[in-house]
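Okay, structure first, notes after.
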Amino acid sequence: MLLKICTIAEKLFMRYGIRSITMDDVARELSISKKTLYQFVEDKDDLVKKTISMHLEEIDRMALSIVSNEDNAIQQILKIAEIMISLHKEVSQGLLFDLKKFHPDSFTMLIEHREKVMFGEITKNLELGIKQKLYRKDLNVELTAGFYMALVMTSLDSDISVLINTPFNEKYAYLINYHLTAICTDEGLTYLHKHKKNLTKPSLIQ
C-alpha cells in the first residue's frame, strides 16, 4: 500500500508542486480516508521523504539495468534520457523550490544522491566514452560531470523565462544533445547523429 501511496503522491507533486498538495488531496486521489493514509506515513513531510526515496530508487534501478546491458557510452546516455523524460512527463516548475523550502531533509537526500550516485555514474560514462574513443580524451571528467548535473538541475528548476515556459521533455532532449555534442569526438558525433532519433523529441536536436 505504501508503494501505491507514494506513486500517487509523486504524480500529484510532479503535476502541481509539493506545497499545493494536501494530505486530503492524496487521500482523495487514493479513495481512502486520511486515517488510513496516516497508518503508512506520519505526516506530509514523511510522505514527501518516502516519495522522494522511492523516486530515486526507481531511477537508480532503471539506470543500473541500462548500464549493465548496454556497452556503448552514448547509447547509455540516450536510453537514460528516455527514462528521465518518461518519468518527468509533467514537472511543476516550483517542485525543487518547494522541496528546498518546506522539506529540507528530503531536499538534502536529493542533493546527496546527486553528489554520491549521479556524479559517480556520469563519471563512469565519461571514462567509458573516452576509452571507446567516442568522447574527447582531453575532457576534464569531474568538471564535465559537474556541468552535466548542473544542467539537469537547472532544467528542473530555473527562473529563466524560456526554461520555465519550455516542457521538460523538450528541455531534456535538447540538454542531452548539447552535452554529447560538446564532448564527442568525430567518431562519437557520427554515432550520435545516427542514433539520437531514439530521443522522444528528435526534431529538437537535428
Counting only heavy atoms not in K100, do more than 12 sit closer than 6.0 Å to its NZ atom?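 No, NZ of K100 has 12 or fewer neighbouring heavy atoms, counting only those of other groups under 6.0 Å.
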My understanding is that only residues two or more places apart in sequence, or in another chain, count here; which of them pass salt bridge (charged side-chain N to carboxylate O under 4.0 Å, His left out) with [X]?
| X | value |
| --- | --- |
| D186 | none |
| K124 | E121 |
| R114 | none |
| K4 | none |

What pairs of residues pass the ring pair (Phe, Tyr, Trp, His ring centres under 6.0 Å) test when at least one of them lies in [range], not counting sequence neighbours?
| range | value |
| --- | --- |
| residues 6-25 | none |
| residues 53-86 | H55-H88 |
| residues 28-52 | none |

Which heavy-atom pair separates R19 from D98 by the least distance, and what is that distance?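 The pair with the smallest heavy-atom distance is N-OD2, 3.1 Å.
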Where do I74 and C184 come nearest, in terms of heavy atoms and distance?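 In terms of heavy atoms, the two residues are closest at CD1-SG, 3.8 Å.
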Distance, nearest 0.5 Å, that separates [atom1] of [X] from [atom2] of [Y]:
| X | Y | atom1 | atom2 | answer |
| --- | --- | --- | --- | --- |
| E70 | Q76 | CD | CD | 6.5 Å |
| L189 | I183 | CG | CD1 | 9.5 Å |
| D105 | M109 | CG | CE | 8.0 Å |
| L64 | E57 | CG | CD | 13.0 Å |
| D24 | K34 | CG | NZ | 4.0 Å |

Without hydrogens or angle criteria, can the side chains of N72 and H195 be said to hold a donor-acceptor pair below 3.5 Å?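 Checked: N72/H195 side chains show no N/O donor-acceptor pair below 3.5 Å.
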Are [X] and [Y] packed together at the side-chain level, in the sense that at least one heavy-atom pair is separated by less than 4.5 angstrom?
| X | Y | answer |
| --- | --- | --- |
| C6 | L2 | yes |
| I66 | Q75 | no |
| T154 | L175 | no |
| D25 | T22 | yes |
| M84 | I176 | no |
| I80 | N125 | no |

Do [X] and [Y] share a hydrophobic cluster, counting only Ile, Leu, Val, Met, Phe, Trp and Tyr and linking them when any side-chain heavy atoms are less than 4.5 Å apart?
| X | Y | value |
| --- | --- | --- |
| M153 | M118 | yes |
| L180 | Y178 | yes |
| I32 | V26 | yes |
| L95 | I111 | yes |
| L110 | M54 | no |

Who are the ring pair (Phe, Tyr, Trp, His ring centres under 6.0 Å) partners of F107, not counting sequence neighbours?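 Ring pair (Phe, Tyr, Trp, His ring centres under 6.0 Å) check on F107 returns nothing, list empty.
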Has T185 got a side-chain atom pairing as donor or acceptor with K133's backbone, closer than 3.5 angstrom?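 Yes: the side chain of T185 pairs with the backbone of K133.
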State whether the side chain of E29 and the backbone N or O of A9 hold a donor-acceptor pair below 3.5 Å, judged by distance alone.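 Side chain of E29 to backbone of A9, a donor-acceptor pair under 3.5 Å: no, none is there.
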From CA spacing to verdict: side chain to side chain contact (heavy atoms under 4.5 Å, CB included), V117, I59: CA-CA 11 Å; V117 179; I59 290 176; over 6 Å; no
Does I160 sit in a hydrophobic cluster with other residues, and if so which ones, taking ILVMFWY side chains as linked at heavy-atom separations under 4.5 Å, directly or through other members?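 Under the 4.5 Å side-chain rule, I160 groups with V162, L163.
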Check: residues 139-151 side-chain donor-acceptor pairs under 3.5 Å, at least two apart:
| from | atom 1 | to | atom 2 | distance (Å) |
| --- | --- | --- | --- | --- |
| N140 | OD1 | E142 | N | 3.4 |
| N140 | OD1 | L143 | N | 3.0 |
| T144 | OG1 | N140 | O | 2.8 |
| Y148 | OH | Y172 | OH | 3.2 |

Can you sort out the partners of M62 under side-chain contact (heavy atoms from CB on, under 4.5 Å), two or more places apart, ordered by chain and number?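 Here the qualifying residues are E58, I83, L87.
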What side-chain donor-acceptor pairs closer than 3.5 Å can you find for residues 45-53, not counting sequence neighbours?
| from | atom 1 | to | atom 2 | distance (Å) |
| --- | --- | --- | --- | --- |
| D45 | OD1 | H103 | ND1 | 2.8 |
| D46 | OD1 | K50 | NZ | 2.8 |
| D46 | OD2 | E42 | N | 2.9 |
| D46 | OD2 | K50 | NZ | 2.8 |
| T51 | OG1 | L47 | O | 2.7 |

Verdict with supporting geometry, L192 and N177, side chain to side chain contact (heavy atoms under 4.5 Å, CB included): CA-CA 9 Å; L192 174 62; N177 188 66; 3.9 Å; yes
Worked verdict on E112 versus T108 for side chain to side chain contact (heavy atoms under 4.5 Å, CB included): CA-CA 6 Å; E112 288 180 349; T108 297; 3.6 Å; yes
